Amino acid sequence: MPELPEVEVVRRGLATHLVGRTFVRISVLDARSLRRQVGGSDDFVSRLTGRRVVDIKRRGKYMWWVLDDDSTVVVHLGMSGQVLVNDGAPHHRHARIIGELDSGTSVVFADQRLFGGLFLDDSNPPSAISHIALDPLDPLFDDSALVERMRNKDVSVKRCLLDQALISGIGNIYADEALWRARLHFEKPAARISRAKMIELMGHARDVMTEALDQGGTSFDALYVNVEGESGYFARELNAYGREGQPCGRCGTAIRRASFMNRSSFFCPRCQRKS
DNA sequence: TTATGTTCCTGCATGC
DNA sequence: TGCATGCAGGAACATA
């Protein structure tokens, strides 16, 4: 599932193919990937055709392509979105939007489960994602300020980590990994965690995502790949996520899986106690 | 205002 | 073999 490291891998890979290039033709194969485009697919096509890309930015799991009129194409990969570059090979089975560039290369947005999508925004950075907080890899990210906000919430620590308005870029995988490293139970109330422990947790979140980025992201299957269609290697480094029944790397206790917020949480029942 | 629940969506695994 | 069901989960939106 694409979280911050995976989106950053895509952003970096895309930059070499997209920046400085002009869209000469846009094909909409499935308008559901333009669900958030206010004027619909016709508006998307007419406004993007002929525009040149001058930069690619990212905040959390959102990426946006800055155009030469300072408008932006906002891209979110959702659960299964991919942005691939294609120089003539047959298009991906789940290709939804195809942008042909003046270089002859195509940029393909593919998405199996249709939770992701693209839309145009008039401003840079996009006003539509103004509610998204800075991510831990942003130089302006303020650990102390975030910790204060989290400790004033009447929710669990994992719910805080997944709240993109508090801290962006973290999804289910890296939340579980950061909590495992910090020895914190996912349901522990944020208000009952000390400032020092919270600061430590932020450090682990930053570390685990940096390490994942260095290894090209986390891939469990073909749902996450870079722009060349290649998988990342961080899945083999995971200590908690997806390891139900396997021994904890610290104490050997079997990792457990629990249902939380309509998704799975993986944790060590010995290292990560609720109280 | 804040916290929680629902919905969107497809492909794979599983059970009958 | 074929069908039904459960599951995966990010985030906007609805509801309490």
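Nothing here was measured: the structure is a model prediction, and the numbers come from that model.
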Under 4.0 Å between a side-chain N/O of [X] and OP1 or OP2 of [N], yes or no?
X	N	value
A:Ser80	C:dA8	no
A:Arg159	B:dA3	no
A:Arg257	C:dA8	yes
A:Gln164	C:dA11	yes
A:Tyr174	C:dG9	no
A:His94	B:dT10	no
A:Arg32	B:dT10	yes

Nearest of [options] to any side-chain atom of [X]?
X	options	value
A:Leu114	C:dG9, C:dA12, B:dC9	B:dC9
A:Lys61	B:dA3, B:dT10, C:dA11	C:dA11
A:Arg96	B:dT10, C:dA12, C:dG10	B:dT10

* **Counterpart base for C:dT1, defined by Watson-Crick or G-U wobble contacts under 3.5 Å** =>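 Across all strands, not a single nucleotide pairs with C:dT1.
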* Atom pair distance, as rounded to whole Å: CD1 in A:Ile170 and P in C:dA11 ->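 Those two atoms, CD1 and P, are 12 Å apart.
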* Asked: Between C:dA12 atom P and A:Arg35 atom CZ, what is the distance in whole Å?
  ->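 Atom-to-atom, A:Arg35 to C:dA12, this comes out as 12 Å.
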* **A:Asn124-A:Lys57 side chain donor-acceptor pair, cut-off 3.5 Å** => no
* Asked: Without hydrogens or angle criteria, can the side chains of A:Ser265 and A:Lys158 be said to hold a donor-acceptor pair below 3.5 Å?
  ->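 Yes, side-chain donor-acceptor contact under 3.5 Å.
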* Would you call A:Phe115 stacked on C:dG10, i.e. ring centres under 5.5 Å apart with the planes less than 30° off parallel? ->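 Check passed, A:Phe115 stacks on base of C:dG10.
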* Heavy-atom neighbours of A:Arg51 CZ exceed 12 at 6.0 Å -> yes
* To do: Pick base, sugar-phosphate or nothing for A:Asn262, based on heavy-atom distances below 4.0 Å to the nucleic acid.
  =>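 Base contact.
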* Asked: At under 4.0 Å between heavy atoms, what does A:Phe260 touch on the DNA or RNA strands: base, sugar-phosphate, or nothing?
  ->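 Nothing, no nucleic acid heavy atom in range.
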